[in-house]
Amino acid sequence: MIRRATAHPCPHSPTYEALLRAGRRVRPLQQVHARIVVAGHHRTRSFLTKLLTLILCSSSSASCSTAAYARTLFLSIPEPDTFLFNSLITAAAKYGRPADAIVHYRRMSAACLEPSNYTFTSVVKACADLSASQTGRVVHSRVISNGFDSDVFVQTALVVFYGKTGDLHHARKLFDRIPNRTVVAWNAMIAGYEQNGLAEEAVAIFQLMQVAGKEPDSATLVSLLSACSQLGALSLGQWVNDYLVNKGLELNVVLGTALINMYARCGHLEKARKIFNGLQERNVVAWTAMISGYGMHGHGHQAIKLFQQMKSSGLSPNDVTFVAVLSACAHAGLVSEGQEIFASMRQDYGLVPRVEHQVCVVDMLGRAGLLDEAMLFIREETRGLPGPEVLTAMLGACKMHKNFSLGVEVAEHLLAIEPGNPAHYVLLSNIFALAGRMDRVEKIRNVMIHRHLKKQIGYSLIEINQAAHVFRMGDTSHQQTMEIYKYLEELINKIKEAGYVPETSAALHELEEEEREFALRFHSEKLAVAFGLMNTSKNSLIRIVKNLRMCNDCHLAFNFISLVSGREIIVRDKHRFHHFKQGLCSCQNYW
DNA sequence: GTAGGGTTAG
C-alpha cells in the first residue's frame with residue numbers, strides 16, 4: 001500500500017522529533033533520513049520537505065556533496081506541492097543563493113502550482129538581492145494578478161526590491177499604499193532612501209514614522225545613523241545615540257558600527273574610538289569603519305596601527321578594509337607603507353585589486369608627486385586600459401603638482417571615455433587656469449554650455465543649537481545675510497593683515513556668470529564659517545560639512561581664520577576632514 | 001515557515 005503524502009509533518013511523532021534534534025548538521029540529518037526510509041515514511045512528503053529544508057539551511061549547504069544530496073532528496077519526493085517549493089525558495093533566498101530561488105520559482109510555475117504570499121516574499125527578496133529589476137517587475141505583475149498585492153509581507157519585500165534597484169519612485173508609491181505599516185515596512189523605506197544617497201528623504205520618513213507613533217527598533221536606528229553619516233548631521237546622530245541608551249537597546253556589532261561611522265564622519269573621531277573600544281564583539285566591518293575614520297581624518301599611522309591590530313586579533317581584512325587603509329596611506333603621504341599593503345593584498349590574502357584599490361594607489365603616488373610612478377602603475381595594473389576613475393585620480397594629481405602637459409594628455413583620454421561628465425571639464429579648466437591659459441578655460445566653458453553640462457552646485461552646512469543652516473555660494477537667503485556679509489568682510493580684512501593673500505587662480509574656473517560676480521569671497525564655506533563665528537561661544541568648535549572639495553583659497557583663508565579668531569574649525573569636504581587650529585591644517589596642506 | 005540594518009576610492 002502506498003502511504004498518502006500529507007501536507008504537514010506530524011509534530012509529535014518520534015521521526016519529527018529526531019529531525020529537530022538533528023538540527024542543521026548534515027550527517028545527523030542523513031541518519032534521520034535513513035530512519036525515515038526504514039520506517040517506510042520515505043514517501044511521506046511532509047517529513048521529506050522538512051528534511052530537505054534543514055539540509056538546505058545546514059552549515060555545509062554550500063558544499064557540492066550536500067547540494068547533490070539535496071537534489072537526490074528533492075527528486076525522491078512524490079508530487080511536489082506549493083509548500084515544498086516555498087520551502088526551497090525561502091531557504092535559497094535566505095542563505096545567499098538568490099539565483100537558485102528564482103530557478104525554483106520558475107520550476108514551480110512550470111509545474112502549474114499556485115504561488116502563495118510566502119512564495120512571493122521570498123522570490124521578491126531574491127530579485128532584490130540580485131538587483132534583477134526585469135525579473136522582479138514580472139514577479140510584481142504576478143503578485144497583482146494573483147491578488148497578493150495587499151499582503152504586508154509581500155508589499156514590504158517589494159519596497160525593498162524597488163529600493164535595491166534604485167527605483168525609489170516605485171518604492172515610495174508602494175510604501176504609501178500600505179495601510180498598516182509595520183516597523184519593518186518603515187525600515188525598508190528608510191533604508192531604501194539611505195542606500196541610494198537620499199539621506200534627507202530617509203530622515204523625513206523617519207520623522208513621519210515618529211508622527212505615526214511607530215516606535216523605531218535597532219534596524220531603524222542603523223539606517224538613520226547611516227543617513228546622519230552622509231549628511232554630517234551630528235546632533236541627530238547624538239540624539240540617536242541617546243535614544244538607544246535610554247531605551248536600553250543592546251549595542252550589537254551592527255549598531256555599534258553604524259555609531260562609529262556616524263561619529264567619525266561627523267568629525268568626532270575620539271567618540272568613534274570610544275564606541276569601538278566598548279564593543280563586545282568586533283568583526284571586519286567594525287574594524288574597517290574605524291580604520292576608515294582614521295584615514296578620513298588624516299591619521300594614516302593610526303589607521304595602519306589598527307590594521308595591524310586587526311590582523312593580530314585573527315581577523316582577515318577584506319577588500320573594503322584594503323580600500324580604507326590604502327586611502328588612509330594616500331591622505332597621509334605614507335607611500336612605501338601603502339605599496340607594501342597593496343602588495344600584501346594579493347600575496348597574503350589572495351584578493352584581486354579592484355578599481356577602487358587602483359585609484360587609492362594612483363592617488364597615493366600622485367599626491368606624493370610621483371607622477372611617473374603613478375603613470376607606470378596605471379599602465380601595468382590596468383594593462384593600458386584604465387577606467388575613468390583611475391584617470392580622474394591621475395588628473396587630480398596633475399593639477400596638484402601643476403603638471404600641465406601630462407594633465408592635458410590624461411584629460412583628453414578621460415574626456416574621450418566620459419564626454420558627459422562635467423567634473424572632468426571643471427578639473428581640466430582648473431589646470432588651464434593655473435597655467436594661465438585663459439583662452440583654453442574659455443573654450444572649455446563654451447563646450448560645457450554647448451553640451452548643457454552643469455557643474456555640481458556647492459553648499460556648506462553648519463549646525464547651531466541643533467539647527468542646520470545651509471549656505472550656497474553668494475547665498476542671500478539667510479535671515480542674517482547682511483550681518484554675515486559684513487562680518488565676513490571684516491574677517492577677510494583681518495586675515496589679510498595677518499598675511500593672507502587670496503589665491504585668485506581658484507576663481508578663474510567659475511563658469512556661471514553670477515558665480516563669477518561673487519568670485520571667491522562668498523564661497524559657501526566662508527559664509528558658513530562667518531555665520532558660525534558670529535553665533536557660537538568663544539571656546540566651542542566650529543564644524544562645517546561641504547559637499548564638494550574645498551578650494552585652495554578657502555583652505556588658505558581658513559588657516560588664517562583659525563589663527564586670528566583663536567577658534568578650532570573642522571571642515572568635512574567631499575573626501576576628508578580638515579582640522580584648522582592656530583593657523584595650521586591637519587592635512588598639512590596636503591590634500 | 002514569510003519582510004528590514006553596519007564598512008570602501010577619486
Side-chain angles (χ1 to χ4, degrees), chain A residues 8 49-50 53 57 83 86-91 93-94 116-125 128 148 151-161 163-164 178 181-192 194-195 216-226 229 252-262 264-265 279 283-293 295-296 317-328 330-331 353-364 366-367 387-397 414 423-424 427 549 574-576:
Chain A
H8 296 278
T49 300
K50 185 71 191 165
T53 313
C57 301
F83 189 89
N86 283 351
S87 303
L88 292 176
I89 294 168
T90 307
K94 201 168 175 180
S116 72
N117 50 343
Y118 288 93
T119 320
F120 286 122
T121 42
S122 293
V123 78
V124 169
K125 174 181 158 52
F148 289 111
D151 180 283
V152 70
F153 284 86
V154 179
Q155 288 171 322
T156 305
L158 283 166
V159 169
V160 173
F161 163 74
K164 286 248 164 84
I178 305 178
R181 293 173 200 133
T182 61
V183 184
V184 180
W186 284 100
N187 293 352
M189 194 66 242
I190 294 171
E194 182 273 313
Q195 286 163 358
D217 66 6
S218 68
T220 321
L221 301 181
V222 166
S223 293
L224 190 57
L225 284 168
S226 295
S229 310
N252 62 27
V253 66
V254 177
L255 200 44
T257 303
L259 273 175
I260 291 168
N261 195 37
M262 184 278 291
R265 296 181 75 118
L279 281 185
N283 59 18
V284 184
V285 182
W287 283 91
T288 302
M290 195 63 237
I291 291 169
S292 160
M296 261 188 305
N318 64 19
D319 53 345
V320 182
T321 317
F322 276 100
V323 174
V325 72
L326 287 171
S327 161
H331 283 286
R354 289 182 295 123
V355 172
E356 289 90 331
H357 304 100
Q358 296 171 352
V359 167
C360 289
V361 175
V362 170
D363 188 39
M364 178 176 79
R367 279 169 198 274
E389 301 90 345
V390 174
L391 292 174
T392 307
M394 190 64 224
L395 188 57
L414 187 55
H424 302 332
L427 203 48
R549 301 203 65 181
K574 196 177 182 194
H575 297 141
R576 63 166 297 158

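All chains are named by letter (A, B, ...) in the order of the sequence lines, taking the proteins before the strands, and each is independently numbered beginning at 1.
Counting to the nearest Å, the P atom of dG1(B) and the OH atom of Tyr118(A) are 8 Å from each other. Across the protein-nucleic acid pair, Ile291(A) atom CD1 and dG6(B) atom C1' stand 15 Å apart, rounded to whole Å. Atom CE of Met296(A) is separated from atom C1' of dT7(B) by 10 Å (rounded to the nearest Å). Atom CG in Asp363(A) sits roughly 14 Å away from atom C1' in dT8(B) (whole-Å rounding). Rounding to whole angstrom units, CZ of residue Arg354(A) and P of dG10(B) are separated by 14 Å. To the nearest angstrom, P of dT2(B) lies 18 Å from CD1 of Ile178(A). Residue Glu389(A) contributes atom CD, which lies 17 Å from atom P of dT8(B) at whole-angstrom precision. The interatomic distance linking Asp217(A) (CG) with dA3(B) (P) rounds to 15 Å, in whole Å.
Nearest heavy-atom pair across Val323(A) and Cys360(A) is O-SG, 3.8 Å. The shortest non-hydrogen separation linking Thr392(A) to Leu427(A) is O-CD2, 4.2 Å. Nearest heavy atom pair, residue Pro388(A) against residue Leu414(A), reads O-CD1, 3.5 Å.
Between the side chain of Asn283(A) and the base of dG6(B), a donor-acceptor pair under 3.5 Å is found. Donor-acceptor pairing under 3.5 Å, judged by distance alone, is present between the side chain of Thr257(A) and the base of dG6(B). Within 3.5 Å, no donor on the side chain of Thr90(A) pairs with an acceptor on the base of dG1(B), nor the reverse.
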(request) Before giving the answer on side chain to side chain contact (heavy atoms under 4.5 Å, CB included), spell out for Asn318(A) and Thr321(A) the whole-Å C-alpha distance, their side-chain angles and the decisive distance to 0.1 Å. (result) CA-CA 5 Å; Asn318(A) 64 19; Thr321(A) 317; 2.9 Å; yes

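Here the side chain of Ala393(A) is nearest to one of dG10(B), dG6(B), dT8(B), namely dG10(B). Of the candidate nucleotides dG5(B), dG6(B), dT2(B), dG5(B) has the atom lying nearest to any side-chain atom of Lys164(A). Distances were taken from every side-chain heavy atom of Lys125(A) (C-beta onward) to each of dT2(B), dA3(B), dG6(B); the shortest belongs to dA3(B). Comparing dG1(B), dG10(B), dT8(B) against the side chain of Phe83(A) picks out dG1(B) as the nearest. Of the listed nucleotides (dG6(B), dT7(B), dT2(B)), dT7(B) has the atom at the smallest distance from the side chain of Ser292(A). Checking dG6(B), dG1(B), dA9(B) against the side-chain heavy atoms of Asn86(A) singles out dG1(B) as nearest. In the set dT8(B), dG1(B), dG6(B), dG6(B) carries the atom at the smallest distance from any side-chain atom of Val222(A). Checked against dG6(B), dA3(B), dG1(B), the side chain of Ala157(A) finds its nearest nucleotide in dA3(B). Nearest nucleotide to the Val323(A) side chain, out of dG1(B), dG6(B), dA9(B): dA9(B). Nearest nucleotide to the Ala219(A) side chain, out of dT7(B), dG5(B), dA3(B): dG5(B).
Using a 4.0 Å heavy-atom distance criterion, Thr321(A) is classed as making no nucleic acid contact. Using a 4.0 Å heavy-atom criterion, one finds that Ser116(A) contacts no nucleic acid atom at all. The residue Gln358(A) sits apart from the nucleic acid: no heavy atom pair falls under 4.0 Å. Residue Arg265(A) is in sugar-phosphate contact alone, with no base atom involved, counting any heavy-atom pair closer than 4.0 Å across all strands shown. No engagement by Ser122(A) is indicated, since no non-hydrogen atom pair under 4.0 Å with the nucleic acid exists. Within 4.0 Å of Val253(A), counting heavy atoms only, lies at least one base atom of the nucleic acid.
When the side-chain nitrogen and oxygen atoms of Gln195(A) are compared with OP1 and OP2 of dG6(B), one or more of them lie within a distance under 4.0 Å. Neither OP1 nor OP2 of dA9(B) sits under 4.0 Å from any side-chain N or O of His331(A). The side chain of Asn261(A) contributes no N or O atom lying less than 4.0 Å from OP1 or OP2 of dG6(B).
Using a 30° and 60° split on the angle between ring planes, Phe120(A) and Phe148(A) fall in the tilted class, from 30° to 60°.
Counted by atom type alone, Ser116(A) and Asn86(A) present one or more donor-acceptor pairs between their side chains at under 3.5 Å.
Of the candidates Glu356(A), His357(A), Gln358(A), Glu356(A) is the only one forming a side-chain hydrogen bond (donor to acceptor under 3.5 Å, both in side chains) with Arg354(A).
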